[in-house]
Amino acid sequence: MKNLLLDVDIVVDICSMREPYHEPASEALGSCFEKGISPWVYVGSVQALEFSLASELIKQNLSDDEDNNLALSLQKAKELLKRFSKEINWLAALAGEGDVFSAKNSGSEQLIRSLDRFPEASARLLTRDRDLLEHYPDQTISVEDFCRIMRDVDLSKAPLDFVDLKTQQHQIRPSIERHIHTVLHHGRYVMGPEIQDLEKLLADYASVNHCVAVSSGTDALLMPLMALGIGPGDAVFTTPFTFIATAEVIAFLGAVPVFVDIDPRTFNIDPKKLELAIDAVKANDASIYPLPQYKDPLSPKAVIPVDLFGLPADYEAIMEITERENLFLLDDCAQGFGSVYKGRHSVSMVDAGATSFFPAKPLGSYGEGGAIFTNDSQLNEELGSIRIHGQGKNRYDNVRIGLNARMHTMQAAVLLTKFKIFQKELIERERVASLYTEGLNNKECFSSITTPYVPEGLKSAWAQYSILTEGPRQRERIRATLQETGIPTMIYYPFPLHTQEAFSELGYKADDFPISMQISNRILSLPMHPNIKSQQVAKTINAIEKAV
Ligand SMILES: *Cc1c(COP(=O)(O)O)cnc(C)c1O
């Protein structure tokens with residue numbers, strides 16, 4: 001059970017201190033907070049609550065002046081409910097819960113129906129209505145039973161979420177619901193007004209002239225390359241230590257991904273090696289730097305640095321190279337949106353920046369989504385056209401080969417709400433990262449563990465908090481110990497892209513990029529989200545101490 005819906009009587013018991021029910025009901029609510037169960041009150045019950053609570057207050061305080069009693073009690077009831085409601089979540093009343101007139105008790109029927117929305121068996125109605133308890137044994141629970149079950153819940157065994165989107169949703173649920181319902185009412189599911197609102201908001205935030213909302217981070221990477229006309233015979237430089245999408249889009253267009261090894265401290269593309277790789281391609285000489293196999297000489301066209309784990313790449317050094325070599329600079333900012341590079345957002349410094357709104361990213365939607373940023377007006381127009389089948393002046397004028405790459409209006413609606421707490425969440429992520437880093441640096445026993453390095457003047461968006469272990473064996477030991485303690489971990493990324501079967505045609509050898517290989521054997525990502533508590537960080541660090 002994860003959710004507890006409170007019956008009207010239970011709320012009245014608590015707010016009016018009604019004897020003898022008040023004490024157990026308050027204990028039940030208290031254990032919700034303590035044991036991580038979400039308490040809900042049904043929005044459709046508000047008037048019933050006011051009335052029932054006022055009646056109870058009158059009963060408790062009988063005086064002769066009945067009119068005055070009613071007005072005062074209603075006033076008092078409202079005040080009590082206002083205070084009470086700050087502690088609970090409101091459960092929206094949906095249209096399907098209006099038609100309950102054939103039920104004996106329409107109020108109870110609404111509550112029972114609303115439980116259908118929760119994942120199976122994860123919610124119960126807390127009630128002391130004998131009829132309900134008898135008729136709906138699987139959907140209801142008595143106060144006594146609930147308190148008894150809660151006493152046995154051992155919180156120290158409670159698992160930690162790797163990414164926690166539920167707590168975040170509770171904080172913004174009313175606004176999310178409002179935005180989604182607005183879309184339902186205006187009905188412009190494709191390219192609705194929320195798309196433009198979001199584009200403006202994000203462009204302003206990142207201090208970029210243009211933002212194009214698209215269907216995914218992958219399309220956000222693909223489209224600028226399409227606009228540029230990247231294709232067969234072109235070389236696009238990127239890192240092998242990233243998610244597949246970064247290099248996939250290059251190969252998808254028939255161009256060749258030329259991998260460049262990473263900096264061992266930042267895990268981002270190493271500018272010195274980038275220079276070597278460009279020289280190697282220009283001279284068609286793999287003795288300068290490892291090159292992929294290809295028939296004809298390649299022409300260098302673009303560089304895609306990745307802001308891995310949320311940390312911006314070394315843009316000053318990279319831009320010196322791309323400007324000198326006249327290469328297009330596309331930032332894969334899928335993990336780095338919200339990060340800061342010497343006072344600026346990286347997407348505002350490059351030719352184009354691509355980000356992803358996949359749910360688990362620092363700014364995530366409730367599905368797929370992405371965005372492209374650019375200061376180049378012509379590129380912006382081309383991207384807008386590519387997004388809609390290469391559209392020209394109107395829908396049936398097609399001037400280029402494009403895609404169907406529009407963001408869904410529903411996702412824009414979700415993002416508009418999520419953006420409101422994004423800045424606050426970035427601060428919380430920073431807090432969690434600092435706690436990990438302090439904890440893992442204050443004891444001798446952690447000397448074999450390397451915490452993330454953030455160069456001077458940079459701010460990570462902390463998409464991931466990734467430590468370097470000694471090697472695969474220590475990493476397995478830490479993973480297993482954390483797993484036993486209910487703490488999930490991830491390995492980003494176990495296999496660098498040049499070793500993936502999908503890129504086998506490039507003919508790279510595993511040791512072409514030794515740093516990427518070493519790091520992929522040692523890297524380990526710990527749980528990271530804005531709502532991790534300091535005790536949870538301490539618990540994680542204790543478990544790591546046990547393992548090392
Ligand atoms: C998530 C991610 C992508 C792809 O984003 P999608 O929205 O899932 O298509 C690309 N690059 C990196 C580095 C990512 O982490």
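Predicted model only: the values in this text are computed from it and were never measured. Just so you know, ligand 1 is whichever comes first in the structure, and atom 1 is the first atom listed for that ligand.
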Using atom types as modelled and distance alone, determine if a side-chain donor or acceptor of Thr239 lies under 3.5 Å from a backbone N or O of Val260.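 Checking the backbone N and O of Val260 against the side chain of Thr239, no donor-acceptor pair under 3.5 Å is found.
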Asp261 side chain to Asp270 backbone, donor-acceptor under 3.5 Å: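 No; judged by distance alone, with no hydrogens or angles, the pair does not exist.
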Would you please indicate if the ring centroids of Phe373 and Tyr205 are separated by under 6.0 Å?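 Phe373 vs Tyr205: aromatic centres not under 6.0 Å.
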Below 4.0 Å from any atom of ligand 1, which residues have a heavy atom? Give them in chain and number order, please.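 Residues within 4.0 Å of ligand 1: Ser216, Gly217, Thr218, Leu221, Thr242, Phe243, Ala245, Thr246, Val306, Asp332, Ala334, Gln335, Ser356, Lys361, Gly369.
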Quick one: list whatever passes side-chain hydrogen bond (donor to acceptor under 3.5 Å, both in side chains) with Ser447, sequence neighbours left out.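 Partners of Ser447 under the side-chain hydrogen bond (donor to acceptor under 3.5 Å, both in side chains) test: none.
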Looking at CG of Leu415 and CE of Met407, how far apart are the two atoms once the value is rounded to the nearest 0.5 Å?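 If I round to the nearest 0.5 Å, the distance is 5.5 Å.
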Is Glu505 atom CD crowded by more than 12 heavy atoms from other residues, nucleotides or ligands, each under 6.0 Å away?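 No, CD of Glu505 has 12 or fewer neighbouring heavy atoms, counting only those of other groups under 6.0 Å.
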